[in-house]
Amino acid sequence: LEALDVEAIREEFPILEREFDDQQVVYLDNAATTQTPDPVVDAMSDYYRRYNSNVHRGIHHLSQEASEAYEEAHDRVAEFIGASGGREEVIFTKNTTESENLLAYSWGLNELGPEDEVVLTEMEHHASLVTWQQIAMRTGASVEYIRVDEEGRLDMDHAEELITDETALVSAVHVSNTLGTVNPVSELTDLAHEHDALSFIDGAQAVPNQPVDVEEIDADFYAFSGHKMAGPTGIGVLYGKKELLEAMEPYLYGGGMIRKVTFEESTWGDLPWKFEPGTPPIAEAVGLHAAVDWLEEIGMDRIREHEQDLARYAYERLEDEGDVEIYGPEPGPDRGGLVSFNLENVHAHDLTSIMNDHTIAVRAGDHCTQPLHDKLGVPASTRASFYVYNTREEVDKLVAALDDARQLFA
Ligand SMILES: Cc1ncc(COP(=O)(O)O)c(CNc2co[nH]c2=O)c1O
């Protein structure tokens, strides 16, 4: 695959030219949120400047244009993730977290009972883990966790043990935002289906960074966020198989999601609108559509290659330092574009603050995976996460800044 033209890509991100204390920003916090290229910003500005209007097909030109743009964004996302059912299988939410809550309240609260088990993994993000934990507490269902092994991979023998005929749902992260592990989500989905359980895949760190085909995985539900894939904040996606979404009750009510309302009762509109009450994120949908176009122009395979090269390079450079503990699998096809680590005798927050002195933006903390950090035996880690505009030179700057931390704290 031809390598990315990173310099040309960087020209579409004015923010990457910013300087603090006369040092150009080195943005390595992409697993938290990615930057937004000019074509996405321009598309959203164009919406607000030329065809801003409320949707649901008001009888005037501007509403028609806004409605078409909003509806077509669903079609474009469906095409991007291989959802052959089109817009009816793509629900726009606020973010991955809301997508997971939609599934938990619309399906989980109504379908789970004391005899049911929800199987998660130990590397789940709080958006999944806390959500299913709380729904299980309300429904009497139980939650179990597939073990993560020493290398940061899922113990699939343990998965086979846990997923049984009592399992109602397997909920797994596609790519861990802490370990970088790329999980065998097709295999997990097959295991779920062998026991008539549903599978939900949290794709927040996968859709932006590699080709994803939800039907190849055969996931029943799949979630991700616009702001992690060069798109705007304020929009996320819940993909669901049409027949499953048809059978689900909405949990948010209001205008735009109904078919008929009387004083006594209401009936619900068609998919996906049934799950999209009120005024939706219209400009954000336009931005997400533009982000999908922009990513596909580059090519998801090339994006994955670029990120895995940077992750490998960062892993090897950090490993060579000799006093850095790195979490997650060795570089390879089952490590995505991020590296979490700790520098001996230096707390992650101190290290990250030193990094900021060098205008290097990395993330310190538990990355909303506290149980995983408990298991790793550390309160926090520092995470460098890469995207299409990052370079090996930026990794070198990250490694060079470690010396300051050693001198100050070690
Ligand atoms: C695997 C995973 N799932 C769900 C979410 C929630 O996405 P949101 O609803 O768009 O916020 C995140 C965000 N992860 C991070 C957000 O900031 N740092 C992170 O690692 C994530 O990495």
Side-chain angles (χ1 to χ4, degrees), residues 27-36 77 91-105 120-134 145-146 148 152 154 170-183 185 188 199-210 212 217 219 221-239 281 284-285 287-288 291 307 311 327-328 334-341 348-349 352 355 361-373 376 380-387:
Y27 185 78
L28 301 176
D29 194 20
N30 295 286
T33 204
T34 53
Q35 296 304 336
T36 316
V77 169
I91 299 164
F92 283 164
T93 61
K94 187 167 65 260
N95 49 33
T96 303
T97 304
E98 185 180 305
S99 297
E100 306 202 45
N101 277 272
L102 193 167
L103 179 63
Y105 279 88
L120 303 175
T121 79
E122 289 182 331
M123 62 172 92
E124 291 312 298
H125 185 281
H126 292 166
S128 274
L129 196 151
V130 178
T131 304
W132 292 113
Q133 188 189 73
Q134 296 307 309
Y145 299 90
I146 302 170
V148 173
L154 285 186
V170 175
S171 172
V173 66
H174 196 157
V175 178
S176 165
N177 68 310
T178 295
L179 300 171
T181 311
V182 181
N183 287 319
V185 288
L188 286 166
S199 96
F200 165 78
I201 304 299
D202 168 351
Q205 300 294 348
V207 168
N209 310 303
Q210 63 183 58
V212 169
I217 298 167
F221 301 97
Y222 196 102
F224 53 99
S225 296
H227 68 94
K228 295 187 192 288
M229 51 185 285
T233 54
I235 190 162
V237 175
L238 176 68
Y239 157 80
E284 291 79 1
L288 180 58
E307 287 188 24
Y327 309 107
D334 59 357
R335 172 179 274 276
L338 63 92
V339 181
S340 295
F341 61 94
H349 289 107
T352 300
M355 290 290 165
V362 287
R363 179 80 42 170
D366 55 49
H367 316 304
C368 303
T369 58
Q370 280 182 18
L372 178 63
H373 275 81
L376 295 172
S381 59
T382 295
R383 181 188 63 194
S385 48
F386 310 108
Y387 212 33

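Numbering of ligands and ligand atoms starts at 1, following listing order. Just so it is clear, the values below take in all heavy atoms, side chains as well, and ignore hydrogens, waters and symmetry mates.
- The shortest separation from a heavy atom of Arg383 to ligand 1 is under 4.0 Å, placing the residue in contact.
- The closest approach between any non-hydrogen atom of Glu124 and ligand 1 is not below 4.0 Å.
- Counting heavy atoms from C-beta on, the side chains of Val77 and Phe224 come closer than 4.5 Å.
- When only non-hydrogen protein atoms are considered, atom 17 (O) of ligand 1 lies nearest to Ala32 CA, 3.4 Å.
- In this structure the side chain of Arg383 reaches within 4.5 angstrom of the side chain of Asp29, judged on heavy atoms.
- With a 4.0 Å cut-off on non-hydrogen atoms, Thr96 touches ligand 1 through its backbone as well as its side chain.
- For the residue pair Thr97 and Glu100, no side-chain donor N or O sits within less than 3.5 Å of a side-chain acceptor on the partner.
- Residues Thr352 and His349 have side chains not in contact (no heavy-atom distance under 4.5 Å, counting atoms from C-beta outward).
- Residues His367 and His373 form a side-chain contact, since some pair of their non-hydrogen atoms from C-beta on lies under 4.5 Å apart.
- If you number the atoms of ligand 1 from 1 as listed, the ones under 4.0 Å from a heavy atom of Val173 come out as 1 (C).
- Below 4.0 Å from some heavy atom of Asn177 lie the following atoms of ligand 1, by number and element: 19 (C), 20 (O), 22 (O).
- Closest approach of Arg363 to Ala32, counting heavy atoms only: NH2-CB, 3.6 Å.
- Within the 4.0 Å heavy-atom shell around ligand 1 one does not find His126.
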Run the numbers on Tyr222 and His174 for side chain to side chain contact (heavy atoms under 4.5 Å, CB included), then give the verdict.
-> CA-CA 9 Å; Tyr222 196 102; His174 196 157; 2.7 Å; yes
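- For the pair Tyr387/Gln35, no side-chain contact is recorded, criterion being any heavy-atom separation below 4.5 Å from C-beta on.
- Side-chain contact between Thr178 and Met123 is absent, with no heavy-atom pair separated by less than 4.5 Å.
- Closest heavy-atom approach to atom 21 (C) of ligand 1 among the candidates His174, His125, Arg363, Glu100: His125.
- Close approach of ligand 1 to Ser225 is summarised as follows: ligand atoms under 4.0 Å from at least one heavy atom of the residue are 7 (O), 8 (P), 10 (O).
- Protein heavy atom in closest approach to atom 4 (C) of ligand 1: Asp202 OD2, 3.5 Å.
- Residue nearest to atom 16 (C) of ligand 1, selected from His227, His367, Lys228: Lys228 (by heavy-atom distance).
- Summary of contacts: the protein heavy atom closest to atom 22 (O) of ligand 1 is Gln205 NE2, 2.8 Å.
- For ligand 1, the atoms lying closer than 4.0 Å to a non-hydrogen atom of Thr97 are 6 (C), 8 (P), 9 (O).
- Ligand 1 lies less than 4.0 angstrom from a heavy atom belonging to Ala31.
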